[in-house]
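Report on the structure given below.
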Protein chains: 2
Amino acid sequence: MNKKNATIYDISKKLNISVATVSRALNDHPRISVATKELVAKTAKEMNYKQNNLAKALKSGETKNVGIIVPYVNTNFFSSVIRGIEEELSPFGYHVIICQSHEEVNIERGHLNTLMNAQVDGVFMSVSRTTVDTEHIRSILDTSNTPIIFFDRKKDIPGISTVTIDDYRGGYIATEHLIREGCKNICHFSGDLNLEIYRNRLNGYKQALADHGFQVKEENIIPTGSSIEAGVEAIKKLWDRKSIPDAIFSASDFAALGACQELKKKKIRIPQEVAVIGFSNEPFTQFMELPISSVDQTPVMMGKMAGQVFLENIKENSSGISIEKKVVLTPQLHIRKSSKRK
Amino acid sequence: MNKKNATIYDISKKLNISVATVSRALNDHPRISVATKELVAKTAKEMNYKQNNLAKALKSGETKNVGIIVPYVNTNFFSSVIRGIEEELSPFGYHVIICQSHEEVNIERGHLNTLMNAQVDGVFMSVSRTTVDTEHIRSILDTSNTPIIFFDRKKDIPGISTVTIDDYRGGYIATEHLIREGCKNICHFSGDLNLEIYRNRLNGYKQALADHGFQVKEENIIPTGSSIEAGVEAIKKLWDRKSIPDAIFSASDFAALGACQELKKKKIRIPQEVAVIGFSNEPFTQFMELPISSVDQTPVMMGKMAGQVFLENIKENSSGISIEKKVVLTPQLHIRKSSKRK
DNA sequence: TTGTAAGCGTTATCAT
DNA sequence: ATGATAACGCTTACAA
């Protein structure tokens with residue numbers, strides 16, 4: 001037995017009035033008598049009428065859906081950004097459609113296309129690691145006026161608004177904090193310097209040192225991956241060189257964790273002998289026996305800001321203008337035991 | 001300047017053929033000549049034609065969208081289930097729409113309605129904590145044939161398929177593991193026993209004890225919340241009673257972590273004096289200096305299974321039948337340092 | 001092999 | 001205050 005939804009046409013037939021009247025009554029149109037409005041509302045409820053937003057969208061050109069493309073949804077960072085976007089847009093009647101690129105530009109391209117086919121009103125994306133050529137993104141801009149918003153992992157494409165955090169500042173405040181705690185010889189675990197975000201964190205580190213009268217020593221900048229093992233290896237390398245510093249600013253929480261593990265193994269006390277600070281404020285940093293200081297990227301806020309940028313964009317679009325926005329959020333320092341010397 | 005999408009009508013005009021032919025050519029209809037197909041495909045690309053799935057959906061009654069309602073997206077468990085659903089359904093052309101209930105039944109109801117208005121082809125949900133009355137869910141079942149699938153947090157509603165894990169078995173294997181490690185006096189931190197999942201874990205614990213010839217002592221069952229603090233408090237209580245056990249099976253990883261922290265503070269060695277095992281396999285459990293054993297709920301697999309149940313459901317629906325499915329997943333034991341005595 | 005036209009459920013523009 | 005009708009972009013009988 002197939003259950004068919006009631007339509008405004010069904011209501012109009014039952015009530016012997018036109019569909020136009022029903023539609024207007026349902027939409028609280030000013031020039032419809034209160035009596036009919038009430039009657040329509042009542043019978044609509046009786047017949048269990050549900051508005052078909054598909055038909056509405058086809059007519060209006062607005063689906064009230066936005067797409068989000070992320071590498072994976074189940075990381076703290078990305079799921080938190082998604083949460084922020086959903087919370088910002090939900091009150092305005094928007095729904096968010098989630099796609100995972102699996103760090104594959106081909107999948108990313110496919111998702112972008114089907115999202116456009118689905119007539120979404122906007123697309124939020126953090127590009128995949130394999131996204132070098134950005135033609136698939138640019139072409140959307142050329143052929144539609146659906147706004148695209150980059151968050152965190154951006155590409156420089158004219159006409160696309162971005163929401164990121166100030167990684168430079170993040171590197172700066174983390175390093176400055178270590179200096180203020182009395183550290184004199186601060187190492188940096190850098191992450192993949194091919195990525196802009198890591199280069200920015202490094203530059204913040206350098207500037208903070210310079211501003212406080214320290215020399216930047218190249219041997220103190222250790223290229224380190226974003227894994228626990230990478231952190232372990234980095235410490236081993238420093239140990240072998242007999243150049244354990246008195247502080248480490250790691251561009252990754254996971255590497256910071258690995259460093260802590262290996263330092264402990266070598267009976268080096270944290271933070272007394274080596275102060276440690278990471279980046280991202282992963283949930284685990286606060287649960288450790290020795291909680292790790294970290295720089296928070298405020299991902300929920302990032303999502304909310306991205307949502308706001310989208311809403312403004314939509315408003316501008318309808319009035320013809322279109323301003324590219326660049327929102328840069330301020331990273332938040334979370335000081336914990338691993339770096340507190342005083 | 002507004003960019004309008006090309007339609008099949010535009011193509012038909014340009015090529016002086018009918019829209020029907022264009023539509024059929026684009027859909028690779030068998031009775032269309034190869035020549036026209038190629039011609040249409042070529043000009044479609046030239047004109048940058050994008051299919052409007054809205055119109056298609058309005059016609060076919062299939063949006064290829066499914067909705068997911070969870071309390072929050074940014075927890076490891078829920079974001080992992082979402083990942084599983086997306087990965088299972090994406091190859092079949094489905095998109096997933098995410099909604100957060102914020103544990104509020106009113107918001108949940110609202111989302112459910114707008115999802116139905118959006119004509120989704122199915123809804124996956126984990127009910128909010130405040131969902132007692134389930135009328136809003138039942139009414140969907142009565143008035144549409146859109147399948148609803150519960151995962152993890154289910155309600156018993158005839159006609160709704162569910163995907164859950166076997167919490168009873170989870171409690172059983174965790175307890176049995178502790179017994180096999182030689183523990184003789186095993187405490188249970190129970191979680192909120194108003195919730196079915198926690199009652200099941202407790203029952204598994206009891207049965208395992210019984211099966212191995214141990215008596216179940218009521219004083220060994222400690223009602224404990226799902227937070228770090230709750231775990232700390234539970235240990236303090238046991239300490240005051242002078243009844244520290246030789247093992248703890250906690251129904252929550254967070255409470256297990258709190259227990260570990262407090263035990264350490266009291267200089268009680270883990271696992272030698274007290275073995276500890278938690279539940280959920282939260283990411284942090286493996287990152288600790290003393291990694292915590294835990295029972296994994298296989299959330300990604302749960303999502304994938306839910307996706308499969310949906311696909312089967314859709315297939316059955318179209319052929320008239322409709323079988324309610326109850327998938328129960330097997331929890332996975334992850335043995336780590338905190339419970340390894342041998 | 002291709003064309004004509006109806007229909008999916010709305011909203012909006014004319015009329016009345 | 002209400003009605004008739006076209007339109008949104010597509011698919012699909014039914015014809016030719």
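By convention in this document, chain letters (A, B, ...) are assigned in the order of the sequence lines, proteins followed by strands, and residues within each chain are numbered from 1. Predicted model, so just to flag it, every value in this text is computed and none were measured.
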So, with a heavy-atom separation below 4.0 Å from DNA chain D, the residues of residues 43-58 of chain A are A:Leu58
Looking at side-chain heavy atoms only, is the closest gap between B:Gln51 and B:Leu26 below 4.5 Å? no
Exercise for review: Decide yes or no for B:Phe124 and B:Leu89: does some side-chain heavy atom of the first lie under 4.5 Å from some side-chain heavy atom of the second?
Suggested key: yes
Of B:Val19 and A:Asn5, the one whose closest nucleotide on DNA chain C sits nearer the 5' end is B:Val19
* Going by heavy atoms in the side chains, are B:Leu15 and B:Thr21 under 4.5 Å from each other? -> no
Its 5'-most and 3'-most nucleotides having an atom under 4.0 Å from a non-hydrogen atom of chain A, DNA chain D is contacted over D:dA1 to D:dG9
Does A:Met301 reach the side chain of A:Leu329, with side-chain heavy atoms less than 4.5 Å apart? yes
Side chains of B:Leu115 and B:Ile69 in contact at under 4.5 Å (non-hydrogen atoms): yes
Residues at least two apart in sequence or cross-chain that pass ring pair (Phe, Tyr, Trp, His ring centres under 6.0 Å) with B:Tyr94, listed by chain then number, are B:Phe310
Numerically ordered, the residues 21-41 of chain A set in heavy-atom contact under 4.0 Å with DNA chain C is A:Ser23, A:Arg24, A:Asn27
When you measure from the side chain of A:Ser126 to the backbone N and O of A:Val70, does any donor-acceptor pair fall under 3.5 Å?
no
Min and max contacting nt of DNA chain C in 5' to 3' order, chain A heavy atoms within under 4.0 angstrom, are C:dG9 to C:dT13
Sorted by position of nearest nucleotide on DNA chain D, 5' first, the leading residue of A:Asn16 and B:Ala20 is A:Asn16
Applying ring pair (Phe, Tyr, Trp, His ring centres under 6.0 Å) to B:Phe78 and not counting sequence neighbours gives none
The helix from C:dT1-D:dA16 to C:dT16-D:dA1: angle between terminal helix axes, five bp per end, to the nearest 10 degrees, reads 40°
So salt bridge (Lys or Arg N to Asp or Glu O under 4.0 Å) across residues 109-138 of chain A, not counting sequence neighbours, yields A:Glu103-A:Arg129
Could you give me the CA-CA distance, side-chain angles and deciding distance for B:Phe151 and B:Met305, then say whether side-chain contact (heavy atoms from CB on, under 4.5 Å) is met? CA-CA 9 Å; B:Phe151 62 89; B:Met305 288 307 303; over 6 Å; no
Residues 19-28 of chain A vs salt bridge (Lys or Arg N to Asp or Glu O under 4.0 Å), sequence neighbours excluded, gives A:Asp28-A:Lys37
Residue pairs passing the salt bridge (Lys or Arg N to Asp or Glu O under 4.0 Å) test with at least one member in residues 40-65 of chain A, sequence neighbours excluded, are A:Lys42-A:Glu46
Residues passing the ring pair (Phe, Tyr, Trp, His ring centres under 6.0 Å) test with B:His102, sequence neighbours excluded, are B:Tyr72
For B:Val127, the side-chain contact (heavy atoms from CB on, under 4.5 Å) test, sequence neighbours excluded, returns B:Glu108, B:Met125, B:Thr131, B:Ile137, B:Phe150, B:Arg153, B:Lys155
Quiz item: Taking C-beta and beyond as the side chain, do A:Ser79 and A:Val73 meet within less than 4.5 Å on heavy atoms?
Solution: no
